[in-house]
Amino acid sequence: MRGFSKNVLPIHLHSRPLLLLSAAAHLAVYTLPWLVNVPGARALRVLGLLERTAVAVIAGRRTPADLLEGLLGPATPLLALPVYLRAARRRVVWKGREYPQGEAKDERGPALSIRRASASGPKLKE
């Protein structure tokens, strides 16, 4: 969980509001339809289960256990909450070292271009 949570904030462009919005959206789409009868709940339930199974098939994961992972779809956002909470912290501990968690350290400011970040990774000052 520590390794994943240290990377979640950078994935969200170092934006805690975007991180919160992402967590809320996942809860609303994958979990809420199972708890509350919202408009379109049946479709959201079915699509949420099928999406994870389809991703497994496309990724070449076709064992029965891999395909049954789709049933975890509604619980996944709840299981991810500790990761989101850890990612929102100001400091992160990784392999015995403590690092600041927050603003991107780039001379051009905190907003890194998505293209650059995905193509070669952000170049951060030490």
Any chance CZ of Arg42 has more than 12 other-residue heavy atoms, nucleotides or ligands included, within less than 6.0 Å?
-> no
Over all atoms of both residues, closest heavy-atom pair of Tyr30 and Trp34 | O-CD1, 3.2 Å
Between atom CG of Leu44 and atom CD of Glu51, what is the distance when rounded to the nearest 0.5 Å?
-> 11.0 Å
Sidechain-backbone polar pair: Arg16 side chain, Arg89 backbone, donor-acceptor under 3.5 Å | yes
Keeping the roles fixed (side chain from Arg61, backbone from Asp66), state whether a donor-acceptor pair exists under 3.5 Å.
-> no
Between Lys6 and Tyr99, is any pair of side-chain heavy atoms under 4.5 Å apart?
-> no
Just by modelled atom types, is the Gln101 backbone N or O under 3.5 Å from a matching donor or acceptor in the Arg90 side chain?
-> no
Give a yes or no on this: more than 12 heavy atoms of other residues, nucleotides or ligands lie within 6.0 Å of atom CZ of Arg97.
-> no
Is Thr53 close to Leu71 at the side-chain level, that is, under 4.5 Å between some pair of heavy atoms?
-> no
Does the Thr76 side chain pair with the main chain of Leu72, one donor and one acceptor, at a distance under 3.5 Å?
-> yes
Output yes when a side-chain donor or acceptor of Arg86 lies under 3.5 Å from a complementary backbone atom of Ser5, and no otherwise.
-> no
Heavy-atom nearest pair, Pro77 first then Leu27, reads CB-CD2, 3.7 Å
List the steps, then state whether side-chain contact (heavy atoms from CB on, under 4.5 Å) holds for Leu47 with Val29.
-> CA-CA 10 Å; Leu47 291 173; Val29 171; over 6 Å; no
Hey, is the main chain of Pro74 close enough, under 3.5 Å, to the side chain of Thr31 for a donor-acceptor pair?
-> yes
Find out whether Leu9 and Leu19 are in side-chain contact, i.e. whether some heavy atom of one side chain is under 4.5 Å from a heavy atom of the other.
-> yes
Determine whether Val55 and Ile58 make a side-chain contact, defined as any pair of heavy atoms from C-beta on separated by less than 4.5 Å.
-> no
Leu35-Val38 co-clustered via ILVMFWY side chain contacts under 4.5 Å | yes
Residue pair His26 / Tyr84, side-chain heavy-atom distance below 4.5 Å | yes
